[in-house]
Every structure is written in structure tokens, then in C-alpha cells.
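Only one structure is covered here, and it is reproduced in the block below.
What you see is a predicted model; the values in this text were computed from it and never measured. All values below come from the heavy atoms of this structure, side chains included, with hydrogens, waters and symmetry mates left out.
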Amino acid sequence: MAGCGDPGSGGGKTQAPASAGGGSSCAPVKGDQLTVLADDKHLQNSDNVVAAFNQEFASAHPAAVEALNAVAAVLDTKGLVEMNKEVDLDHRTSPEVAADFVRDNNLAAADPSAGAGTAVVVGAADFSSESVTLAEIYAAVLDSAGFSASTQTIGNRETYYPALVSGSIKVVPEYAASLADFINGRVNGADAPSISDPDIVTTMAALTPLADEQGLTMGTASAAQDQNAFAVTTAFAEKHGVGTLSELAETCGTGLVLAGPPECPERPFCQIGLEETYGLRVGQFKSYDFALIGQAIRQGDATVGVVLSSDGSLAAG
């Protein structure tokens with residue numbers, strides 16, 4: 001999620017063209033619906049949702065780990081997008097959406113007494129409603145297993161990570177690549193090379209022993225990802241027959257208008273990555289606050305833009 005930097009500020013600032021504008025085929029196409037183009041050359045790292053447990057708690061209560069691994073087995077990006085839509089756009093509460101997810105996926109634990117009433121605080125980051133909804137899912141499943149679970153929104157990773165290690169919170173929904181690089185930075189210094197990878201198996205293989213050394217136990221990674229992605233309008237995708245970033249590069253080798261946060265032109269997972277990995281040449285970059293990028297694409301102010309892969313608006317017709 002940090003591939004293009006933290007959400008920027010400002011909006012509509014335009015960078016001079018990086019190369020000669022080319023091809024009218026790359027002109028933006030207005031539309032109400034966005035389509036995420038597949039990252040078929042694996043530019044982005046694997047920010048899959050995964051439960052991170054306090055190690056002492058996980059060792060004492062394997063039933064809790066088993067219960068949340070069952071959540072991971074059914075959680076995918078499509079489901080995450082839909083839940084975010086229900087909370088952010090349909091204005092349902094996170095507990096309501098979580099309860100539906102647990103019921104619809106038959107996630108109630110088989111043994112309702114396994115937790116023996118043990119109190120469990122499930123932490124949630126405050127960056128979006130997504131983390132809160134995931135924490136509510138975890139709490140509901142743990143309750144069904146006989147634990148006494150509650151949720152607590154506890155700030156950003158710098159705030160909740162020490163609480164998780166100390167045990168004041170027992171588990172938190174995390175993102176594999178971001179957590180791997182966060183812990184690596186704490187252990188090996190801020191300039192340490194990234195240990196995350198586009199392949200989730202590789203990322204988890206690097207993260208798991210490092211987390212273990214820090215007093216954490218990692219659950220099984222889900223298929224759900226919340227990471228940087230590149231979107232066009234569905235109308236553009238259908239007009240030009242593009243579904244992947246490679247196909248976009250073939251159609252629009254030069255001349256496209258890219259919308260992103262201010263840091264995008266200097267970030268390896270943003271404009272630099274599009275150019276070096278896919279061979280795209282951006283004709284014009286437009287800087288927006290992260291929350292405004294989707295609207296810029298829909299209005300035809302940009303051909304393609306940076307979004308989050310689990311953005312609830314991706315499910316909105």
C-alpha cells in the first residue's frame with residue numbers, strides 16, 4: 001500500500017509531459033465504472049491480508065489461530081471490495097457487514113467452548129474502515145469459538161505494533177508485504193533492502209521467521225489484497241480490449257495521461273515501474289489527492305490512475 005507513498009495532498013497539479021504525447025487511442029474515456037488492469041508482470045508486492053498474533057497468545061490458544069485461518073481460506077479481493085462498498089458507500093456498519101460475512105461463509109467455529117471465555121482484544125488500524133471490518137470479522141469468529149472478543153481501533157502500524165508484541169492486543173489484520181518491510185526496517189534499519197516480493201509465498205517465507213523473532217505468530221495469508229493498482233474506466237477497457245497492463249502498453253505505448261499521488265513519478269511501484277516494467281511512456285502526469293484519483297478517471301481527466309485494489313467504489317455500478 002505504500003508503493004506510491006502515503007496519500008498525497010493537493011489535486012490537479014500537472015507535471016510537464018515526460019515524453020511526446022502520442023496516439024489519440026490513449027485519450028481518456030469517461031465512464032461511471034472503473035476496471036483494475038491485471039498486473040501481469042507483477043510490479044506490485046504481495047500485500048495480502050493476514051492475521052498477525054501475539055506469539056504467547058497464539059501458542060496458548062491454537063484454536064484461535066485455526067479459527068482465523070478459516071477466515072483466510074475464504075477471503076479474497078472481490079469479497080473485500082464488496083465489504084468496503086457496503087461500509088463506505090452503502091453506509092452499513094462494520095459489525096453488520098462482518099456478521100453477514102461470517103454467516104454467509106459458515107465461519108462459526110465447530111467447538112463453541114474452545115476459547116473457554118478467554119478475553120481477546122482484536123486491534124484495527126485507523127487508516128480506513130477496511131481494517132475495522134476485518135477486525136470485526138475476527139472478533140465474531142473468535143466469539144463463536146468461545147473466546148470473549150472485543151475490537152479496538154488503535155492507530156497506525158507504529159502505534160499498534162508495540163501493543164501487539166506486548167500482548168495488550170492479541171491479534172490484528174495485517175498486510176503481508178507492508179508488515180514484512182516494516183519489521184525489516186525496525187530490525188535492520190530504515191534503508192534495509194525490501195524483503196517483500198510479488199509472490200505471496202516468497203513474502204511469507206521472509207516475513208514468518210522475522211515476525212517470530214519479534215514475538216509474533218503469522219496466520220495463513222488470504223487471497224485478498226489491498227495494494228496499489230492501476231485502473232481505467234470500463235468504457236476505455238471495452239473500447240480498446242485491454243484487461244492487463246501489458247495490453248495497455250501495447251495499445252498506448254506513449255501518450256497516456258496518468259493520475260496519481262504527488263510522489264508517483266519518483267516511486268518504483270508507480271510511474272517508474274510502469275515505464276521500466278511495462279515499457280509505458282507517460283505523456284502527462286496529473287497529481288491528485290489519493291481520494292480524488294478515481295473521480296478524475298471517471299470524469300475523463302486521466303486515462304489511467306492509481307487506486308487501491310480493494311477500493312469499495314470498484315464494485316459500484
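- For E66, the CD atom counts as loosely surrounded, since its 6.0 Å shell holds 12 or fewer non-hydrogen atoms of other residues, nucleotides or ligands.
- A heavy-atom distance below 4.5 Å is not found between the side chains of V171 and N54.
- Under a hydrophobic clustering in which Ile, Leu, Val, Met, Phe, Trp and Tyr are joined whenever their side-chain heavy atoms come within less than 4.5 Å, directly or via other members, Y175 and Y160 fall into different clusters.
- Distance alone, capped at 3.5 Å, is enough to place a donor-acceptor pair between the D40 side chain and the S246 backbone.
- Taking OG1 of T303 as the start and NE2 of H240 as the end, the distance is 8.5 Å to the nearest 0.5 Å.
- Under a 3.5 Å cut-off, the side chain of S113 and the backbone N or O of A116 do not form any donor-acceptor pair.
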Q.
Test side-chain contact (heavy atoms from CB on, under 4.5 Å) on Y278 and L43; report intermediate values, then the result.
A. CA-CA 9 Å; Y278 287 98; L43 171 61; 4.2 Å; yes

**Q.** Trace of the side-chain contact (heavy atoms from CB on, under 4.5 Å) decision for V122 with K170
**A.** CA-CA 6 Å; V122 182; K170 306 301 185 186; over 6 Å; no

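- Put simply, the side chain of D212 never gets that close to the backbone of T217: no donor and acceptor are under 3.5 Å apart.
- D126 and T153 share no side-chain donor-acceptor pair at under 3.5 Å.
- In this structure, K286 contributes its side chain and D301 its backbone to a donor-acceptor pair below 3.5 Å.
- Contact of the R267 side chain with the Q271 side chain is not registered, since no non-hydrogen atoms from C-beta on lie closer than 4.5 Å.
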Exercise answer: donor-acceptor pairs, residues 139-148 side-chain atoms, under 3.5 Å, sequence neighbours excluded:
{"unit_1": "D143", "atom_1": "OD1", "unit_2": "A149", "atom_2": "N", "d": "2.9"}
{"unit_1": "S144", "atom_1": "OG", "unit_2": "A109", "atom_2": "N", "d": "2.9"}
{"unit_1": "S144", "atom_1": "OG", "unit_2": "V141", "atom_2": "O", "d": "2.6"}

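- Other residues, nucleotides and ligands contribute only 12 or fewer heavy atoms inside 6.0 Å of the CD atom of E56.
- Looking only at side-chain heavy atoms (C-beta outward), L216 and Q55 stay at 4.5 Å or farther from each other.
- Contact annotation: the side chain of D76 never approaches that of L80 to less than 4.5 Å [non-hydrogen atoms, C-beta and beyond].
- When each of T93, N84, D88 is paired with S129, the side-chain hydrogen bond (donor to acceptor under 3.5 Å, both in side chains) condition holds for D88 and for no other.
- Side chains of V187 and Q214 form a contact here, defined as non-hydrogen atoms less than 4.5 Å apart.
- Judged purely by atom type and a 3.5 angstrom limit, T208 has no side-chain atom pairing as donor or acceptor with the backbone of A205.
- When all heavy atoms are compared, the tightest approach of S196 to D181 is OG-OD2, 2.8 Å.
- Using a 3.5 Å distance cut-off with no hydrogens or angles, the side chains of T77 and S309 do not pair a donor with an acceptor.
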Q.
Test side-chain contact (heavy atoms from CB on, under 4.5 Å) on Q299 and K30; report intermediate values, then the result.
A. CA-CA 5 Å; Q299 291 176 344; K30 294 181 180 180; 5.7 Å; no

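- Side-chain N or O atoms of T233 include one that pairs as donor or acceptor with a backbone N or O of V29 at under 3.5 Å.
- Taking CD1 of I200 as the reference point, atom OG of S46 lies at 4.0 Å (rounded to 0.5 Å).
- The backbone N or O of F101 lies less than 3.5 Å from a partner atom in the side chain of N105, making a donor-acceptor pair.
- No continuous path of ILVMFWY side-chain contacts below 4.5 Å connects L164 to Y138, so the two sit in separate hydrophobic clusters.
- For the pairing with S178, the side-chain hydrogen bond (donor to acceptor under 3.5 Å, both in side chains) check across D47, D226, T203 returns one residue only, D47.
- The closest side-chain donor-acceptor pair between D39 and Q44, if any, does not fall under 3.5 angstrom.
- Taking all atoms of both residues into account, the shortest heavy-atom contact from R103 to D100 is NH1-OD1, 2.9 Å.
- The line from CG of L179 to CE of M218 is 5.0 Å long, rounded to the nearest 0.5 Å.
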(Q) Apply side-chain contact (heavy atoms from CB on, under 4.5 Å) to residues V74 and L107 and explain how you reach the verdict. (A) CA-CA 9 Å; V74 299; L107 290 171; 4.1 Å; yes

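- Here the straight-line distance linking atom CG of L280 with atom CG of L245 works out to 7.0 Å at 0.5 Å rounding.
- Under the 4.5 Å side-chain criterion, counting only non-hydrogen atoms from C-beta, S131 is in contact with P173.
- Between the R157 side chain and the F182 main chain, no donor and acceptor come within less than 3.5 Å of each other.
- In this structure, Q295 contributes its side chain and L292 its backbone to no donor-acceptor pair below 3.5 Å.
- T244 places no side-chain N or O within donor-acceptor distance of the main-chain N or O of L37, the cut-off being under 3.5 Å.
- In this structure, a donor-acceptor pair under 3.5 Å is absent between the side chains of Q225 and S310.
- Note that the OG1 atom of T133 and the CD atom of E96 stand 10.5 Å from one another [nearest 0.5 Å].
- Aromatic ring pairs are classed by plane angle as parallel below 30°, tilted from 30° to 60° and perpendicular above 60°; the pair F57 and F53 is parallel.
- Between K85 and D90 there is a side-chain heavy-atom pair separated by less than 4.5 Å.
- Under a hydrophobic clustering in which Ile, Leu, Val, Met, Phe, Trp and Tyr are joined whenever their side-chain heavy atoms come within less than 4.5 Å, directly or via other members, V257 and V306 fall into different clusters.
- Here the options are T220, D197, N48, V50, the test is side-chain contact (heavy atoms from CB on, under 4.5 Å), and the partner is M204; only V50 passes.
- Considering all non-hydrogen atoms of both residues, C252 and F236 come closest at SG-CZ, 4.0 Å.
- Note: the hydrophobic cluster containing M83 also contains V71 (ILVMFWY, side chain heavy atoms under 4.5 Å, direct or indirect links).
- Closest non-hydrogen pair, P261 versus S287, comes out as C-OG, 4.2 Å.
- Linking Ile, Leu, Val, Met, Phe, Trp and Tyr residues whenever their side-chain heavy atoms come within less than 4.5 Å places L258 and V232 in a single cluster.
- G294 and L34 get closest at one heavy-atom pair: CA-CD1, 3.9 Å.
- Residues R298 and S313 bring a donor and an acceptor atom of their side chains to less than 3.5 Å of each other.
- Scanning both residues, L314 and L308, for their nearest heavy atoms gives CD1-O, 3.7 Å.
- For E136, the side-chain hydrogen bond (donor to acceptor under 3.5 Å, both in side chains) partners two or more places apart in sequence, or in a different chain, are T151.
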